[in-house]
Each structure stands twice: as structure tokens, then as C-alpha cells.
Amino acid sequence: MNAEEVAHYLQNHPEFFEEHAELMSRLVIPHPHGGRAISITERQMLTLRDKNRQLEDKMRELLQFGEENDAISEKMHRLGVAVIAGATFGAVLHTLNFHLRDDFAVPHFALRLWNRPAGTDDLPEFADVAEELQAFAETLGQPYCGSTSGFGTAAWFGEGAAHVRSQALIALRNGGGTIGMIALGSEDAQRFYAGMGTIYLERLGEMASAALARVLR
């Protein structure tokens with residue numbers, strides 16, 4: 001019998017070690033980390049300890065993720081309360097900029113809105129946006145995260161555009177229609193990357209959409 005056949009036999013005949021109990025005390029195998037030979041029983045204990053350590057590491061990792069999510073949720077709550085309190089477009093814009101920079105450490109924030117109310121011609125937030133980019137925003141089922149190349153949104157960041165290495169694009173919607181887009185920029189190429197979780201970015205978009213729709217009526 002080869003090794004695979006032996007392993008298959010033992011898996012299918014667990015009564016083997018019951019019928020040959022004395023064999024367990026006589027068998028010795030190499031220590032997993034080198035050195036002396038040990039009994040099968042001791043080897044099982046070492047395996048269990050390794051599994052316990054792996055479970056403990058996984059538990060610590062899950063606890064860390066939980067703590068990080070709690071911290072982000074608290075920041076989102078503060079942002080939500082602040083944008084609700086904003087009574088004007090300028091106040092809402094300042095609130096978004098302040099919280100994203102100070103609470104979320106996002107150094108570059110830009111906003112574009114498609115419809116231009118009277119008296120806003122000089123505001124960059126109402127500057128013309130290419131039809132292709134507006135059409136792209138319409139297709140966003142969830143925020144885009146990745147490179148800035150190919151979108152033309154890097155210019156929205158003004159003097160900081162040359163330093164932005166990754167971005168998140170969040171469509172703003174009201175009543176089912178797209179009214180604009182938020183761009184978040186980072187100088188870290190891995191800050192916003194394809195495939196990352198976007199639940200908090202989606203919530204940011206919903207909060208900003210509701211607040212902006214209210215103050216721009």
C-alpha cells in the first residue's frame with residue numbers, strides 16, 4: 001500500500017486504533033518543528049494548540065475590524081448630524097469638506113452639480129461637466145474606486161490634482177435622477193482601489209444628496 005492508500009484506509013476505518021490501542025503508545029513521529037520524535041498523542045496536542053492559536057489570531061482580527069467599523073460608523077454619524085444642521089449650500093459644502101478632511105483623512109474633495117441655480121456662475125461646484133462624465137455617473141450602481149486616469153476628474157482637485165494617485169467617484173441622486181457627483185482624492189495609490197468595500201461611500205453619497213437637494217430647492 002502506498003501512503004495515499006494507507007491514509008484512505010485509516011479514514012474509512014476509524015475502529016482500527018480502537019482495535020490496536022497499544023499501537024498508539026508505541027508509534028512516534030517527528031516533531032513538527034524539528035528535534036526529537038514524539039508520540040501521536042503529543043502530536044495531536046500540538047496540532048490542537050496550533051489551531052487554537054489560529055482561531056485566536058482570527059478572533060483578534062475580527063475584533064479589530066469591528067472596532068474600526070464602530071469608529072467609522074461614529075464618524076458617519078457626526079457627519080450626518082452636521083449636514084442635517086447645514087441651512088445653506090455653503091454650510092453643507094463646508095461641512096462635507098471639513099469632516100472628510102479631519103475625520104476621514106481624505107485630503108482632496110470636489111463636488112460637481114449638473115443644474116446651475118441663479119447666482120452660482122462663479123462657483124466651481126457648478127462648472128460645466130462633460131456629457132460623457134455625466135452619462136458615466138448615471139451608470140454608477142456603486143461608487144467607483146481606482147485610478148484618476150481617463151475621467152478628467154483630477155482637474156476638479158485644483159492645485160492638488162498632480163498629487164492625487166487614487167480616487168472615489170460617488171454619484172449624487174435625487175428622486176431617482178443623478179444630480180451630480182462627488183470626487184474624493186488621495187495621494188496614496190491604494191487608498192481607493194478597485195474591489196474595496198463601498199458601503200460607507202454609498203452612505204456618504206446618500207447623505208450628501210439629501211442635504212444638497214434640500215438647500216438647493
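Annotation: ring-ring contact (aromatic ring centres under 6.0 Å, His included) contacts of Phe192 (sequence neighbours excluded): none. Considering only residues two or more places apart in sequence or on other chains, Asp57 meets the salt bridge (Lys or Arg N to Asp or Glu O under 4.0 Å) condition with Arg60. Here Ser73 pairs with Tyr200 under the side-chain contact (heavy atoms from CB on, under 4.5 Å) rule; sequence neighbours left out. By the ring-ring contact (aromatic ring centres under 6.0 Å, His included) test, Phe109 is found to be paired with no residue, residues two or more places apart in sequence or in another chain being considered. Applying the side-chain contact (heavy atoms from CB on, under 4.5 Å) rule to Glu5 yields the partners Met1, Asn2; only residues at least two apart in sequence or on another chain are considered. For Tyr193, the ring-ring contact (aromatic ring centres under 6.0 Å, His included) criterion is met by no residue, not counting sequence neighbours. Partners of His94 under the ring-ring contact (aromatic ring centres under 6.0 Å, His included) rule, at least two apart in sequence or in another chain, do not exist in this structure.
Using a 30° and 60° split on the angle between ring planes, Phe16 and Tyr9 fall in the perpendicular class, above 60°.
Interatomic distance, CD1 of Ile72 versus CZ of Arg203, reported as 10.0 Å (0.5 Å rounding).
Looking at Ser166, its side chain does come within 3.5 Å of a backbone N or O of Asp188 through a donor-acceptor pair. Gln167 places no side-chain N or O within 3.5 Å of a backbone atom of Cys145 that could act as its donor or acceptor partner. Listed for the Ser209 side chain is a donor-acceptor partner under 3.5 Å among the backbone atoms of Arg173.
In plain terms, the two heavy atoms of Ala171 and Ala137 that are nearest each other are CB-O, 3.6 Å. Nearest heavy-atom pair, Val92 versus Gly86, reported as atom, atom and distance to 0.1 Å: CG2-O, 4.0 Å. In plain terms, the two heavy atoms of Asn12 and Pro14 that are nearest each other are C-CD, 3.5 Å. The two residues Ile84 and Arg214 have their closest heavy-atom pair at O-NH2, 3.4 Å.
Put simply, the side chain of Leu79 reaches to within 4.5 Å of the side chain of Leu96, judged on heavy atoms. For the pair Val83 and Leu212, the minimum side-chain heavy-atom distance is 4.5 Å or more. Annotation: side chain of Leu172 is in contact with side chain of Leu111 (closest heavy-atom distance under 4.5 Å). For the pair Leu133 and Arg112, the minimum side-chain heavy-atom distance is 4.5 Å or more. No side-chain heavy atom of Leu140 sits under 4.5 Å from any side-chain heavy atom of Thr178. Here the side chains of Val129 and Trp156 are in contact, with some heavy-atom distance below 4.5 Å. At a threshold of 4.5 Å between non-hydrogen side-chain atoms, the residues Leu184 and Leu201 count as touching.
Both Ile182 and Leu123 are assigned to one and the same hydrophobic cluster, defined by single-linkage of ILVMFWY side chains at heavy-atom distances under 4.5 Å. Clustering ILVMFWY residues whenever any of their side-chain heavy atoms sit less than 4.5 angstrom apart, transitively, puts Ile170 in the very cluster that holds Met76. Under a hydrophobic-cluster definition in which Ile, Leu, Val, Met, Phe, Trp and Tyr are linked whenever side-chain heavy atoms come within less than 4.5 Å, directly or via other members, Ile179 and Phe136 are assigned to different clusters.
Within a 6.0 Å radius of CG in Asn52, other residues, nucleotides and ligands contribute more than 12 heavy atoms. Around atom CD of Glu15, more than 12 heavy atoms belonging to other residues, nucleotides or ligands sit under 6.0 Å away.
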Return a table of donor-acceptor pairs under 3.5 angstrom between the side chains of residues 98-108 and protein atoms on other chains or two or more places apart.
unit_1, atom_1, unit_2, atom_2, d
Asp103, OD1, Arg78, NH2, 3.1
Asp103, OD2, Arg78, NE, 3.1
Asp103, OD2, Arg78, NH2, 3.1
His108, NE2, Glu187, OE2, 3.1

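For residues 138-166, no pair satisfies salt bridge (Lys or Arg N to Asp or Glu O under 4.0 Å), with sequence neighbours left out. For residues 65-93, the pairs satisfying ring pair (Phe, Tyr, Trp, His ring centres under 6.0 Å) are Phe89-Phe126, with sequence neighbours left out.
Through direct or indirect side-chain contacts shorter than 4.5 Å among Ile, Leu, Val, Met, Phe, Trp and Tyr, Met59 is connected to Leu63. With side-chain heavy atoms closer than 4.5 Å counting as contact, directly or through intermediates, the hydrophobic cluster containing Phe157 also holds Val164.
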